[in-house]
Enquirer: 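Provided herewith is a single structure, encoded as C-alpha cells, for subsequent inquiry.
Proteins come first, then strands; the chains are lettered A, B, ... in the order of their sequence lines, and each starts at number 1. Just the heavy atoms: all of them, side chains too, but no hydrogens, waters or symmetry mates, feed the values below.
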Amino acid sequence: MAMDKTFDAGSAEPRIYAKWEAAGAFKAGANAKPDAETFTIMLPPPNVTGFLHVGHAFNHTLMDILMRWKRMQGFDTLWQPGLDHAGIATQLVVEKQLAELGEKRTDYSREDFIAKIWEWKAISGGTIQEQDKRIGAGMDWDRSAFTMDDTFHDAVIKVFVDMYNKGFIYRGKRLVNWDPHFETAISDLEVENIEKDGHMWHFKYPLAGGATYDYVEKDEDGNVTLRETRDYIAIATTRPETMLGDGAVAVHPTDERYAPIVGMLCEIPVGPKAQRRLIPIITDEYPEKDFGSGAVKITGAHDFNDYQVAKRAGIPMYNLMDTKAAMRADGKPYVEEAAIAQAIANGEQTFDEAMIAAMNMVPEEFRGLDRFEARKAVIDAITAEGLAVMVEGPPNEDGEVCMAPEMIPYVESKKIMQPFGDRSKVVIEPMLTDQWYVDTAQIVEPALDAVREGRTKIMPESGEKVYFHWLENIEPWCISRQLWWGHQIPVWTAQVPTLSGEVGSWKVNVGDEISRAKAKKFLDNDRLDEKAMGGRLTQGGLLTMEFCAASLEEAQEQIAEVWLARTGQKPSLFSEINTDPGDWYLNYGHSPEGKGIPMWRDPDVLDTWFSSGLWPFGTLGWPNDTPELAKYFPGDVLITGQDILFFWVARMMMMSNAVMDEDPFHTVYLHQLMRDAKGEKMSKTRGNVIDPLVMVDEYGADALRFTMGQMAALGGVLKISEDRIKGYRNFGTKLWNAFSFAEHYEIPNSGNHTLPKAEQTLNKWIIGETAKVRETVDAALETYRFNDAANALYAFTWGKVCDWYLEFSKPILQGEDAAAKAETEATLRWVLDQALIMLHPIMPFITEELWGLADSRDTLLVTADWPTYTAADLVDAEADREMNWVINLIDSVRSARAQSHVPAGAKVPLVVMGLDAKGQSAWDNNSALIQRIARIETLNHVDAFPKGCVTIPMEGGTFGLPLAGLIDVPAEIARLEKSVTKLGKELGGLRGRLNNPKFVESAPEEVIAEARENLALREEEEAQLKAAIARLAELG
RNA sequence: GGGUGAUUAGCUCAGUUGGUAGAGCGCUUCCUUUACACGGAAGAUGUCGGGAGUUCGAGCCUCUCAUCACCCA
C-alpha cells in the first residue's frame, strides 16, 4: 500500500484523537508502571466563557508535551482539566444576551438570573474544551471540574468558614477600587492603569475670615523670585468634582511657602455661598513641593493617597458618589449636612465612620449628576466666581503682543495615569465601602517560605524576585464582589438579645486593629461575650450578630444557641429577609415572636480567584477524602502566564498552605504573553490576532505545537508568525517522507523493532546519534527547556537521519551484501521508531499515524514506552569519528565542485596525497557511499597534485579534485586565501592564549589540551592550504 | 517614581557554572538526481546597543549610559 504524498492532518487528526480517547490514553494512570510515581498537572482553568486563543494553545501545548512524555516514561499521570466560573465575565455575557432582548439583570430575581446563567452554560459554556482536542491536548476529560460544581462549592464554603473562624477573614470599610459599570468592588489586580491625556486645574481656596499672608517663592539659590500677599491657598487637582468631599488641604512640612498658614482654615470654593465649608490646612509628607502648587486637597473617600493622609490625620472622609459613580442624591438637604460637617471641622462635634458615611456633602445643584458632568459644573461654578487661578492667554493669531493680554483659567494639559476596569474599561472610582477581606499578612509566610526554602521553584528565576516583592508587600485581599454569579458569602446576620435580655443595636467594627484582636479573643473564648468583642450599644435598639456557617441550617443553629444562652429558650422559627434590618422592624416591630428571628445573608459573592485558589485540591474532591486527593495532591508543575502570578499562583500557594498545609506544586513555569511576529499584543482592533484553530486547519496541529515548543525558551518573549508554523509543517512532511523512503525501499515494518546489534559503521553511528538525542531531549524536558528539546529533535531528524543516514543507506539497501542490508533495514526501522517516540510529545498526530503503518503494534504510540538507553552505552567513538570524517570530506568535495561550477550530475575523479592509515581505512569502509553522494568516479593516490587541482585539506591526508580546464585559477586562489585568513584569525587567538603563561597556569587542563589539539589541526590545515596556493600560483 | 527584563545575522530568536557565536525564516546561485520542490546542493551577512571595569580570557560577571518592553505606583 503506497503512502499518501503528505500527511492529511485535517482528516487524520480527529480520527487519531478519537482513537486515543477510545483507548483511555488520557485517563489518570494510563500506561503507569506498577507502583509508579505520580505526575500531576492542574490545567489553569479557562473561563467558562472562553475560546481557545493562541495563549491557551501555547500554554496547553507545553503541558501536553510534559504529560505525554511522563506518560510514556511510565509515570502515573493526571492532567486535570476544568473551567472557571469567572464571575464578572460570565455575568457580562448573559447580561449582554438579555440586553439583546431588551431586558436587564434586575428584571429577574437573583435565583432566576443565576438559572439563566446555568442555562447558558449548558448550551455555550466550555467550548474551549472541544477546541483543546483539536490541538491534541490529552486531558482526563471525565474528571473535568467546574468552580461552581456542588463539590467545589462545598470546598469554597468550608475554606471560607475555616478561615473566618481562624480570624483570617474580616469585614471592613476600606477604600476599594469600584467599578461603576458592574457596580462592584474589584481587586487591585483587576485594575489597569493607563496613561491618558488629562487636565490639571488650579483653584484658589480662600483663607477663612479674609486672612492674608506673604507668599514667597525662591529659586534653588534662595533668591526670591516672587513675593505677593495672598488671601488664598492655590491647589492643583485633576478631579475637581471631588472637592465637595475635601476634608483638608495638605502641604509638605518643610514647605516654607505655606508655613505661615499651616493650622489655619480655608474655604472650599464651591457650593452655596452661605454654607461654604471650612477645612484645615495640615502638613503631611505626601504632598510633593514641586508638583502643582505644592498644596494638595485631601479627599479621603475618593483617592488612595488621600485616604492614607486622612487616616493619619483623622480627617473625615465624605463619600460623594453612588454605586454608578454619579453624585449622591440621598441624605439630608445640603444645608443641614454642611452644618454638621462644619461642626466636625471646628471640633465641636465628635464623629464616627458610620455617621460620616451617611452624610451627603453634595450640594443640591450637583446631586444626581454623573461624575464627569459634575466635574464640568464644579469648574464652571468656581471659574464664574473668579476663584480659578488665572494666567495670560496665548498671543493673538497675528502674533502681536497686546497691551492687555487676555487672562484665562490656568489649566495644565498633561498625561494622567487613570485606573480602568480590566473588564468594563470604565474609569475606576475609589470608593469607601464595606467589603470582605482576607488578612493576607496572616497566611502569606508559608507561601513565601516555600519559595525561599526552594520547596517551590519559580522558573524563570526572575519570577521569584517579582513574587517576593509582591508578597512581602502584600495588601489585604478584597474578596467580596457585588455580583450575583459566584459563591455567595456564607455569613448571616441575625438579631440576638443582649446579655441583659434587652434588644439593642450593636455593631462591631471588626475592621480596625483593636476590635479585630478582640474579636479573635472572643472567638477563642466565648462566642457570647459581646463585651470581649468590644461592641457597643447604640440608640437604635437593635442588636445584631454575625454568623459564619457552611449552610443556612448551621447558621440558624448558631443563632438559636445564642438565644438559648441569653434567654433560656431555644427558638426554632427564623425569618430570612433580604432587606435592611431597619426595614424589617418597620414591618414587624420589635417583637419577633411569631415572625421568627430575623436573619439575612450577605448578598455579595466571592472573588473568582478565591475559588480558583483552591483549584489544586478542590478538583480532587476535597473536602472529601478521595483516593485521587491522596494520590495526586500535591501536584508537580504549574504552567501559566506571568500575568497571573499574583492573581492566581501566589493565591494558590497561600490557600494551599492555609488549608492543606502543603505546597500545591514544586515547580512554577511562567511564560510571557503571546504576541504577534512584531511583538505587538494581539488584539481585535489591531487585527493581528492569530487564531490557533485557523492555523490548525491550515498547517495541522503538529506544526502549531512544534512552533510552540520551539518558541518556549525560558523567559523568552513569545512572538508567533505564520511563516514559522509553515516551516514546521514542512518538517512534518520531511518526517513523513522518511517513512515513504522506507516504503519505497520495501523495508519490512513488522512493528517489533528492537535495538539491532550493529556491525556497520554507519549503523553504529546513527544508533549513537539516537542515544545522544535521547539524552538531550530528556535533559531539556527535565529542565523545561522545550525549545532545546524541539531543536534537538529537528536537527536529529532532518540533519542526521534524513540528510545523511538515509542517503548513506542507499548503496547498502541496493547493494549485494545481504547481511549488511538486513542490518541496515533493521537499524533504519529502529531509528525511525525512536524518532517517532521522541517526537510524539511535541507532534502527536503525525507520529501516531506513522506508528500505525507498521504491520502490528502492541500499543498505540501515545502509550508506548520511552527509551532509556544512554550515549555511554550506544555511542561508538570510532564510528562517530569515521562518519564525521566522511561527512566532512563529502561536504568539502561538494563545496569545491560548486565553487568550480562542476555540473551537479557529472562524476569526477578524486586524488589524494599522503593519506595515512586511518584515513585509508575510513575511505575503504565508506568509499561506496562517498563516491555515490559526492559523485566521485575514482580515487587515485598521487605524490603530487596535477596542475589545476582544487585542494581539499582533510585530517590524515590532502585530497584534490583535478579539474584542469574547469578551474578558475584566480578565483580558486582567492577562495583558499580567504580560508587562510579565517584560519589565521583562529590561529592567532589560539597561539596568543597558549603563549600566555597565565593562561597555561590558570586555565583548566582540558581547556588547554583542547586548545593545543585545535592548534595542531589548524596548523596542518593551514599548511595544506598554503601548499595549494603555492601550486596554483605556479600555474598562474 | 519603583521593580523586572530585553538590546546577538535582513527578520524572529537560541546561546545552562566565563573558553572566543548558532537555528529557523528570508536572501543569492545552481539543481526537477528513482523519499521528499512542504525538496536537494552551495553561498553571503554579526568589532553580540555604547563606554568602562574584573579576568590569562567576557555575548555571558560588575558598573555606567542609551533605547525599548512589561509589571507596580
Enquirer: Could you work out the separation of G59(B) and G19(B) based on their C1' atoms and round it to a whole Å?
Expert: 13 Å
Enquirer: State which of G43(B), G19(B), A35(B) makes the closest approach to the side chain of Y745(A).
Expert: A35(B)
Enquirer: Got R705(A) and I65(A) here, is their nearest side-chain heavy-atom distance under 4.5 Å?
Expert: yes
Enquirer: Begin with the C-alpha distance, continue with both residues' side-chain angles, and end with the deciding distance and a verdict on ring-ring contact (aromatic ring centres under 6.0 Å, His included) for Y699(A) and Y728(A).
Expert: CA-CA 9 Å; Y699(A) 303 107; Y728(A) 292 116; over 10 Å; no
Enquirer: Would you say the side-chain atoms of W736(A) pair up with the backbone N or O of D4(A), donor to acceptor, closer than 3.5 Å?
Expert: yes
Enquirer: Please name the nucleotide paired to U20(B) by Watson-Crick or G-U wobble geometry with both distances under 3.5 Å, or report none.
Expert: none
Enquirer: Can you tell which of A42(B), G24(B), G39(B) lies closest to the side chain of Y794(A)?
Expert: G24(B)
Enquirer: Please check the phosphate of A35(B) (OP1 and OP2 only) for any side-chain N or O of K810(A) closer than 4.0 Å.
Expert: yes
Enquirer: Please check this pair: side chain of E743(A) against backbone of M3(A), looking for a donor-acceptor N/O pair closer than 3.5 Å.
Expert: no
Enquirer: Out of G15(B), C25(B), C56(B), which nucleotide sits closest to the side chain of D723(A)?
Expert: C25(B)
Enquirer: Between K734(A) and G40(B), is there a side-chain N or O to OP1/OP2 distance below 4.0 Å?
Expert: yes
Enquirer: E807(A) side chain: which of A42(B), C38(B), C36(B) is closest?
Expert: C36(B)
Enquirer: Work out how far the C1' atom of U20(B) is from that of U47(B), and round it to whole angstrom.
Expert: 13 Å
Enquirer: Need to verify one output field. Residue with the more 5' nearest nucleotide on RNA chain B, N1014(A) or T733(A)?
Expert: N1014(A)
Enquirer: Identify whether any heavy atom of K726(A) sits under 4.0 Å from a base atom; if not, whether one sits that close to sugar-phosphate; answer base, sugar-phosphate or nothing.
Expert: nothing
Enquirer: Nearest to the side chain of D788(A) - A14(B), C38(B), A35(B)?
Expert: A14(B)
Enquirer: Mark yes or no for a side-chain to base donor-acceptor pair under 3.5 Å between R724(A) and C25(B), with no hydrogen or angle criteria applied.
Expert: no
Enquirer: Taking the P atom in each of C71(B) and A52(B), what is the distance between them to the nearest angstrom?
Expert: 35 Å
Enquirer: Tell me, with the steps shown, if V54(A) and M708(A) meet side chain to side chain contact (heavy atoms under 4.5 Å, CB included).
Expert: CA-CA 10 Å; V54(A) 72; M708(A) 299 299 188; 3.8 Å; yes
Enquirer: Could you measure between the two P atoms, the one in G26(B) and the one in C72(B), and give it in whole Å?
Expert: 38 Å
Enquirer: Is any side-chain nitrogen or oxygen of T783(A) closer than 4.0 Å to OP1 or OP2 of U16(B)?
Expert: no
Enquirer: Could you check which of C56(B), C38(B), A41(B) has an atom nearest any side-chain atom of R894(A)?
Expert: A41(B)
Enquirer: Provide the Watson-Crick or G-U wobble partner of A41(B), both distances under 3.5 Å; none if there is no partner.
Expert: U29(B)
Enquirer: Taking the same atom, C1', in C48(B) and in G18(B), what whole-Å distance lies between them?
Expert: 15 Å
Enquirer: May I ask you to say what L806(A) touches in the nucleic acid, namely base, sugar-phosphate or nothing, with a heavy-atom cut-off under 4.0 Å?
Expert: base
Enquirer: Above 12 or not: heavy atoms from other molecules or residues under 6.0 Å from CD of Q814(A)?
Expert: yes
Enquirer: For G15(B) and A9(B), measure between their C1' atoms and round to the nearest Å.
Expert: 14 Å
Enquirer: Using OP1 and OP2 only, check whether a side-chain N or O of N737(A) sits under 4.0 Å from G39(B).
Expert: no
Enquirer: For S895(A) and S892(A), indicate whether the former's side chain and the latter's backbone hold a donor-acceptor pair under 3.5 Å.
Expert: no
Enquirer: Quick one: label F739(A) by what it contacts on the DNA or RNA (base, sugar-phosphate, nothing), any heavy atom closer than 4.0 Å.
Expert: nothing
Enquirer: Distance between the C1' atoms of G50(B) and C38(B), in whole angstroms?
Expert: 43 Å
Enquirer: Kindly say if W798(A) contacts the phosphate of G40(B), meaning a side-chain N or O under 4.0 Å from OP1 or OP2.
Expert: yes
Enquirer: Which residue, R932(A) or D803(A), contacts RNA chain B at a nucleotide closer to its 5' end, judged by nearest heavy atom?
Expert: R932(A)
Enquirer: U4(B) and C11(B): how far apart are their P atoms, nearest whole angstrom?
Expert: 29 Å
Enquirer: Check whether any side-chain nitrogen or oxygen of Y728(A) sits under 4.0 Å from OP1 or OP2 of G24(B), and answer yes or no.
Expert: no
Enquirer: NA contact type, N787(A), heavy-atom cut-off 4.0 Å: base, sugar-phosphate, or nothing?
Expert: sugar-phosphate
